[in-house]
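A, B, ... follow the sequence lines: proteins, then strands. Residue 1 opens every chain. Since the model is a prediction, treat every value here as computed from it, not as a measurement.
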Amino acid sequence: MKNIFKDALTGAAVFGVVFLMLGAFGGFAGCTSFTLEGRAEAAYGTYSIAQGAGAALIQTQGIPDDVKAKIQQASAASKPFGDALYAAILEYRKDPHTANGLDQALAAAQAAISNLDQTTKESATVSGVVP
Amino acid sequence: MNLAAVEAGLQLLGVVESGVATLRSLFSQLSTGQPMTDQALADLKARADAAAATIAAWHTSTPTPPNTAPAQPV
């Protein structure tokens, strides 16, 4: 019984750290005083961590299938935008004249990344992983 | 603790590790103006792709309902 509480507390603490990070990245991505490249990196960081949190939730037993299905949908919907953002960051590094393309990729990706981020947070809360 | 829980825990630790590295890069960028290294960005992509593949591979454990269609007359 003691181990169950320990595992639950450890899981909740780690998820808490993950969601604190997501909050920090969201703040960076929306910070207009940051450079365009910095905001794009922060958005991609949010995307990467939200995908990781989603994968951890998908593998966690006891989370309802409908919640996992929502994570799967949000993950699949955000992947093309995440990939496009990554490609745009690399392109911008090679040629800074492509700033407009990076700006557009960032604007296009923000809604899908925000949806994935929100879905993982809600899924963790709904399923009791994070109190 | 079962294997699935251990795997989920390891995955989360990877997420935390990746997040700490990225946050450090971003703070570094704030103070020095240097962007995240190509390698750090590539690591983020590798983690994101692996996580997305794990999520895509999940399928519902709900059993499919039995075929209740009436039998066709012979």
Problem set entry | Cluster overlap A:Ile71 with A:Ile63, hydrophobic side-chain contacts below 4.5 Å | yes

Problem set entry | hydrophobic_cluster_shared for A:Phe81 and A:Ile49, side chain cutoff 4.5 Å | no

For this session: Identify which part of A:Ala69 has an atom lying under 4.5 Å from any heavy atom of chain B, answering side chain, backbone, both or neither.
Result: both

Seminar exercise, completed: Honestly, the part of A:Lys79 sitting under 4.5 Å from a heavy atom of chain B is side chain

Exercise. Does the B:Thr54 side chain pair with the main chain of A:Ala55, one donor and one acceptor, at a distance under 3.5 Å?
Worked result: no

For this session: Output all residues satisfying side chain to side chain donor-acceptor pair (under 3.5 Å) with A:Ser75, sequence neighbours left out; order by chain, then residue number.
Result: A:Gln51

For this session: Please name the pair of heavy atoms, one in B:Trp58 and one in A:Ile58, separated by the smallest distance, quoted to 0.1 Å.
Result: CB-CG2, 3.5 Å

Problem set entry | Contact residues of residues 83-97 of chain A (partner chain B; heavy-atom separation under 4.5 angstrom) | A:Asp83, A:Tyr86, A:Ile89, A:Leu90, A:Arg93

For this session: Answer with side chain, backbone, both or neither: which region of B:Ala53 has an atom nearer than 4.5 Å to a non-hydrogen atom of chain A?
Result: neither

Problem set entry | Side chain, backbone, both or neither of B:Ala56 within contact of chain A (heavy atoms, under 4.5 Å) | backbone

Problem set entry | From OH (A:Tyr47) to NZ (B:Lys45), nearest 0.5 Å | 6.5 Å

Exercise. Could you state the interatomic distance from CD (A:Gln59) to CD1 (B:Ile55), rounded to the nearest 0.5 Å?
Worked result: 9.0 Å

Exercise. Who pairs with A:Asn100 by side chain to side chain contact (heavy atoms under 4.5 Å, CB included), at least two apart in sequence or on another chain?
Worked result: A:Gln104

